[in-house]
Amino acid sequence: GAVVSQHPSRVICKSGTSVKIECRSLDFQATTMFWYRQFPKQSLMLMATSNEGSKATYEQGVEKDKFLINHASLTLSTLTVTSAHPEDSSFYICSAAVTGGRNEQFFGPGTRLTVL
Amino acid sequence: QKEVEQDPGPLSVPEGAIVSLNCTYSNSAFQYFMWYRQYSRKGPELLMYTYSSGNKEDGRFTAQVDKSSKYISLFIRDSQPSDSATYLCAMSLNQAGTALIFGKGTTLSVSS
């Protein structure tokens, strides 16, 4: 149980285009999903916290107009990188917290974004 | 000072060795402590979960939390080549729905 999927696993796009990444909790409901970014040899840095049915909370320094987050249901959250630039190239990972449980987060396999 | 400090390594050990991984933290309000294992280009996988101080054992893995020293450890006994990965400590303030604060991760290599 507690499986989180992400799609796509890898995406290459041209500078200026937008990319959507999906995060799904496959066998449980997640009131809260988190989006992290991980640069090579660095730790996971929280970008935003997403609660179902409400606006996401962004961490300081993360542009909410550039990284659009939608959490439309208890099993799906999406991250859209708008007008992507090469500096947005990174490993994006989502996690989902089990509803009503302890703070145990399950992570997706990640999406590697490369912006040319 | 960063909230969570973790030596990135790399740490290289022979198969069968006991491995000790550690993190220190500065925020005494942290209550939940976790260890994740991350293989290259994969998402983190939860290994151990501990609430407050104490020890927790699961197979070859033992997690220790010393809140008085703001220090947590993960021990791996009888290490195997398949344990080669990056180990991330993480912690949070309170219950479900709170973001995790991660250490930088320690890269471990176990040679056969």
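Naming: A, B, ... by sequence-line order, numbering from 1 per chain.
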Rounded to the nearest 0.5 Å, how far does CD of A:Q105 lie from OH of B:Y36? 5.5 Å
Proximal component of B:Q6, with respect to chain A [non-hydrogen, under 4.5 Å]: neither
In this structure, would B:L11 and B:I76 fall into the same cluster of hydrophobic residues linked by side-chain contacts under 4.5 Å? yes
Top of B:G105, B:P44, B:A90 for chain A proximity - count of heavy-atom pairs under 4.5 angstrom: B:P44
Polar side-chain atom of A:S43 near backbone of B:G103 as donor-acceptor pair, under 3.5 Å: yes
Please tabulate, one pair per line, all N/O donor-acceptor pairs under 3.5 Å involving side-chain atoms of residues 3-12 of chain A, not counting sequence neighbours.
unit_1: A:Q6; atom_1: OE1; unit_2: A:C94; atom_2: N; d: 3.1
unit_1: A:Q6; atom_1: OE1; unit_2: A:G110; atom_2: N; d: 3.0
unit_1: A:Q6; atom_1: NE2; unit_2: A:Y92; atom_2: O; d: 3.0
unit_1: A:Q6; atom_1: NE2; unit_2: A:T111; atom_2: OG1; d: 3.1

Should B:L74 and B:I101 be regarded as members of a common hydrophobic cluster, given that ILVMFWY residues are connected when their side-chain heavy atoms come within less than 4.5 Å of each other, either directly or indirectly? yes
Quick check: are there more than 12 heavy atoms from other residues, nucleotides or ligands sitting under 6.0 Å from NZ of B:K67? yes
Answer yes if A:F67 and A:L46 sit in the same cluster of Ile, Leu, Val, Met, Phe, Trp and Tyr residues linked by side chain heavy atoms under 4.5 Å apart, and no otherwise. no
Considering only heavy atoms, which portion of A:L44 lies under 4.5 Å from any heavy atom of chain B: side chain, backbone, both, or neither? both
What are the residues of residues 80-91 of chain A, in order of number, with any heavy atom under 4.5 angstrom from a heavy atom of chain B? A:F91
Does B:I72 share a hydrophobic cluster with B:L21, counting links as ILVMFWY side-chain heavy atoms below 4.5 Å and allowing steps through other members? yes
Let me know if B:P8 has heavy atoms under 4.5 Å from chain A in its side chain, its backbone, both or neither. neither
How about A:F107 and B:F102: are their ring centres within less than 6.0 Å of each other? yes
Gap separating the CD atom of B:Q38 from the CD atom of A:Q38, nearest 0.5 angstrom: 4.0 Å
Would the number of heavy atoms belonging to other residues, nucleotides or ligands and lying under 6.0 Å from CZ of B:R60 be above 12? yes
Is B:F61 linked to B:M91 within one hydrophobic cluster, defined over Ile, Leu, Val, Met, Phe, Trp and Tyr using a side-chain heavy-atom separation of less than 4.5 Å? yes
